[in-house]
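In what follows, every heavy atom counts, from backbone to side chain, and hydrogens, waters and symmetry copies are set aside. Letters go in sequence order (proteins before strands), and every chain restarts at 1.
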2 protein chains.
Amino acid sequence: MSKSLPAVITTLERAGGFASAQEVFQLMRKQGKPTGLATVYRALQKAATDNTVDVIRKDDGEALYRLCATGHHHHLVCTSCGKTVEVEGSAVEKWANSVAKNNGFKKVSHVVELFGLCQKC
Amino acid sequence: MSKSLPAVITTLERAGGFASAQEVFQLMRKQGKPTGLATVYRALQKAATDNTVDVIRKDDGEALYRLCATGHHHHLVCTSCGKTVEVEGSAVEKWANSVAKNNGFKKVSHVVELFGLCQKC
DNA sequence: AATGATATTGATAATCATTATCATTTTATG
DNA sequence: CATAAAATGATAATGATTATCAATATCATT
Ligand SMILES: [Mn+2]
Ligand SMILES: [Mn+2]
Ligand SMILES: [Zn+2]
Ligand SMILES: [Zn+2]
């Protein structure tokens, strides 16, 4: 997976924020760089496992991707206005790994999202 | 929505940990309380908006529901066989609260779930 | 009880993101 | 160039979720 990955990432970059695989697919078509849907999915998945993009899920379960400048991190989201703050989670990473080890689990991933009310709300 | 909701919740309770809508549907069938799939979905969605159940998403996007425990805790779930271990998260609680305070957020809640492969799998 | 209004149910079909196939094309390698 | 290996993409299959809508159950009023 090599020829298409850069083009997909570039498209995601131009998209600005979050974009679904389907949206990236459509954008590439409009930009004159049509690419197979399966290839778009493969590229985004690869980028996700490489931690070069973040993945979140809409309420309906659809995956949204975003170029990830800083590496793995989590989100603090205002439940009222939607304001989102990216937060570091090294403490959580360590905790997750130790919990996994203590229970004999391998290849552990985690979902960590924080919700609350921002200052304005 | 009333007749089916209690039965769905009871089934979710018996399931122990997390269960998908499809699993609840199958369980109710086996327990001699067959209920329509659409009804199961409706009941779980209602319970979710009422905050009587938690909703998380597997890596593949499938929604998992869990009866809101009386005592707050998290889960370590095997993505292969579904084995679930309840884990303490005081370290995460502290982290979440400090992150919230640093960003001026109030009434912070969090979703923290761990996924991996258990020893058998 | 009987009637009509309203809400719930569930079998079934439709939706749609994601994944699997697999033939074709491209790239790597000697 | 010749061959093998990897990437691509058109297409079909999968499967969870949602939409329909006719049949039932529940409620309210006479
Ligand atoms: Mn993390
Ligand atoms: Mn917690
Ligand atoms: Zn806010
Ligand atoms: Zn397992």
Side-chain angles (χ1 to χ4, degrees), chain A residues 1-12 15 17-66 107 109 111, chain B residues 1-12 15 17-66 77-82 84 111 113 115 117:
Chain A
M1 181 172 310
S2 175
K3 177 78 170 348
S4 59
L5 186 51
V8 169
I9 295 302
T10 297
T11 301
L12 191 57
F18 285 104
S20 68
Q22 301 282 350
E23 288 170 341
V24 170
F25 171 70
Q26 298 294 350
L27 279 175
M28 295 186 76
R29 164 165 298 202
K30 291 178 183 171
Q31 293 176 17
K33 293 244 175 190
T35 307
L37 182 58
T39 300
V40 173
Y41 271 101
R42 283 188 287 245
L44 289 174
Q45 280 162 182
K46 178 68 158 42
T49 60
D50 290 349
N51 289 316
T52 60
V53 302
D54 280 334
V55 187
I56 64 172
R57 300 233 170 227
K58 291 199 298 184
D59 282 346
D60 67 358
E62 186 179 6
L64 297 182
Y65 304 84
R66 173 186 60 173
K107 294 188 179 179
S109 63
V111 173
Chain B
M1 179 165 322
S2 175
K3 178 77 169 356
S4 59
L5 187 52
V8 169
I9 296 301
T10 297
T11 301
L12 191 57
F18 287 105
S20 68
Q22 301 283 351
E23 288 170 340
V24 170
F25 171 70
Q26 298 294 350
L27 279 175
M28 294 187 77
R29 166 164 296 203
K30 290 178 184 171
Q31 292 176 15
K33 292 245 177 188
T35 306
L37 181 58
T39 300
V40 173
Y41 272 100
R42 283 189 287 246
L44 289 174
Q45 281 161 183
K46 179 64 160 41
T49 59
D50 290 350
N51 288 314
T52 60
V53 302
D54 284 332
V55 186
I56 64 171
R57 299 227 170 234
K58 289 200 300 185
D59 283 345
D60 67 357
E62 185 179 7
L64 298 182
Y65 305 84
R66 144 186 88 170
V77 185
C78 177
T79 54
S80 177
C81 71
T84 300
V111 173
E113 302 298 339
F115 301 92
L117 281 176

If I compare all heavy atoms of A:Asp60 with all of B:Arg57, which pair ends up nearest, and what's the gap?
C-NH2, 3.8 Å

Within the 4.0 Å heavy-atom criterion, would you say A:Glu23 contacts the bases, only the backbone, or no part of the nucleic acid?
nothing

Spacing between B:Gln22 atom CD and D:dG15 atom P, to the nearest angstrom:
10 Å

Is there a donor-acceptor pair closer than 3.5 Å between any side-chain N or O of A:Ser20 and the backbone N or O of A:Ala63?
no

Measure from the side-chain heavy atoms of A:Thr39 and tell me the nearest of D:dT8, D:dT26, C:dG10.
D:dT8

Side chain of B:Tyr41 only, heavy atoms from C-beta on: which candidate in D:dG9, C:dT19, D:dT17 is closest?
D:dT17

Between atom CG in A:Asp59 and atom C1' in D:dA16, what is the gap in whole Å?
16 Å

Spatial distance of atom CG (B:Leu27) from atom CD (B:Glu23) [nearest 0.5 Å]
7.0 Å

Taken in chain and number order and not counting sequence neighbours, the residues that satisfy side-chain contact (heavy atoms from CB on, under 4.5 Å) with A:Thr39 are A:Ser4, A:Thr35, A:Arg42

Residue B:Thr35, side-chain heavy atoms: nucleotide from C:dT18, C:dG10, C:dT9 that is nearest
C:dG10

Measure the distance from CG on A:Leu5 to P on D:dA7 and round it to the nearest whole Å.
11 Å

If only side-chain N and O atoms of A:Gln45 are considered, is one of them under 4.0 Å from the OP1 or OP2 phosphate oxygen of C:dT19?
yes

Taking the side chain of B:Ala38 as heavy atoms from C-beta outward, which of D:dG9, C:dG10, C:dT18 is closest to it?
C:dG10

From the options C:dA17, D:dT17, D:dT8, select the nucleotide whose nearest atom is closest to the side chain of B:Arg57.
D:dT17

What is the base-pairing partner of D:dT30, counting Watson-Crick and G-U wobble geometry with both distances under 3.5 Å?
C:dA1

Could you check whether B:Glu113 pairs with B:Lys58 (Lys NZ or Arg NE/NH1/NH2 to Asp/Glu carboxylate O, under 4.0 Å)?
no

Give the rounded distance in Å between these two atoms: CG of B:Leu37 and P of D:dT18.
11 Å

Rounded to the nearest angstrom, tell me the gap between atom CG in A:Asp60 and atom P in C:dA14.
21 Å

What integer distance in Å separates B:Phe25:CZ from D:dT18:P?
16 Å

Options D:dA16, C:dT9, D:dT8, nucleotide nearest the side-chain atoms of B:Glu62:
D:dA16

Interatomic distance where CZ belongs to A:Arg42 and C1' belongs to C:dC22 [whole Å]
11 Å

Between A:Ser2 and B:Lys3, which is nearer to the 5' end of DNA chain D once each is assigned its nearest nucleotide?
A:Ser2

Within the 4.0 Å heavy-atom criterion, would you say B:Ser4 contacts the bases, only the backbone, or no part of the nucleic acid?
sugar-phosphate

B:Arg29 CZ - C:dT9 P separation (whole Å):
17 Å

